[in-house]
Number of protein chains: 2
Amino acid sequence: MSDTILGIDPGSRKTGYGFVRREGNRIHHLDNGVLQLSARAPLAERLLELHTGLMALIGRHHPTIAALENVYFARNPQSALKLGHARGVALLAAISGGLKVFEYSPAEIKRTVTTTGRAEKGQVQRMVQILLGLPEIAQEDASDALAAAICYCHRTPPERDTSR
Amino acid sequence: MSDTILGIDPGSRKTGYGFVRREGNRIHHLDNGVLQLSARAPLAERLLELHTGLMALIGRHHPTIAALENVYFARNPQSALKLGHARGVALLAAISGGLKVFEYSPAEIKRTVTTTGRAEKGQVQRMVQILLGLPEIAQEDASDALAAAICYCHRTPPERDTSR
């Protein structure tokens, strides 16, 4: 039995994504990257780009699970609002594509990947590279997305997944 | 020449909407209401309900313009984040439906409808009722959505609309 998991790290300027396939206890890397949204386009158009981009990726890899960081704080209301726009559209794409959505705290994701909830960004990137055997370190947002996908694999072992 | 304008007042629990048609200098009320999202459903599912609901309304009334309040502050990052999710999905629905999006500050909308930027909620509801000749006062979120649509009509007179 195998599952394809889409990790998403949403943002209103760029959104990281990462696909992994879980087969038994093994995790294989499939794809990762960053959707760069047109910096000069109005927000609504960037959201359409984001939605279209995610739907295309979902169509290509046919994931059944989406994994995202949940957010309980932000620097300020204005940045929370912007992040919320992108996050809402990412969740919509996932659920429209028939994916089951799982959310994890930033500390939970870091702990799964690096064994500490307070890891630095660079440590997460390096551990994601090692765990997935990537030839090089993934871009920061893509790496965060892959970390969320890895977190799902560790938190929901195949035999304990009662969702099917 | 006539335009149909969709006003939206997005929220993650309920989203107000209002449709008006502008013919020359006259504004006619077409429809208004509140999309109540399933209180117990996970956020991602509520966002799908919201998107589906707005797309159905757009399909029914064929608006060409969307008008929304822009938000520059919120009580706290957490409520800004939630609002952002709904607002992002509302913007996506508008732009996917081919609508041109216009945003106005809360004070700008209140000033257009009541002549003061500091009007109370009840005043806005009452003035929206009078301006559109509604048989009764619209629900608060629907009334705010109609107020945004009215704001568009006043701010972009037909002869000055250079978008076509």
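When heavy atoms are compared at a cutoff of 4.5 Å, A:Leu43 approaches chain B solely by way of its side chain, counted from C-beta outward. Heavy-atom distances place no part of A:Glu103 under 4.5 Å from chain B, backbone and side chain included.
What you find for A:Ala80 and B:Ala80 is that their closest heavy atoms are CB-CB, 4.0 Å.
Among A:Asn70, A:Leu81, A:Val71, the one residue that satisfies the side-chain contact (heavy atoms from CB on, under 4.5 Å) test with B:Leu81 is A:Val71.
Following chains of ILVMFWY side-chain contacts shorter than 4.5 Å, one cannot reach A:Tyr17 starting from A:Leu83, and the two form parts of different hydrophobic clusters. At a threshold of 4.5 Å between side-chain heavy atoms, the hydrophobic network of Ile, Leu, Val, Met, Phe, Trp and Tyr places A:Ile5 and A:Phe102 in one connected group. Hydrophobic clustering of Ile, Leu, Val, Met, Phe, Trp and Tyr side chains at less than 4.5 Å, counting indirect connections, unites A:Leu57 with A:Val101. No continuous path of ILVMFWY side-chain contacts below 4.5 Å connects A:Leu132 to A:Ile137, so the two sit in separate hydrophobic clusters. B:Ile58 and B:Leu37 fall within the same hydrophobic cluster, where Ile, Leu, Val, Met, Phe, Trp and Tyr residues are linked whenever their side-chain heavy atoms come under 4.5 Å apart, directly or through other members.
Distance check: A:His51 NE2 to B:Leu91 CG gives 13.0 Å after rounding to the nearest 0.5 Å.
Of the listed residues (A:Gly88, A:Ala86, A:Ala66, A:Ser12), the greatest number of heavy-atom pairs within a distance under 4.5 Å of chain B belongs to A:Gly88.
A 4.5 Å side-chain heavy-atom check between A:Leu92 and B:Leu48 finds at least one atom pair inside the cut-off.
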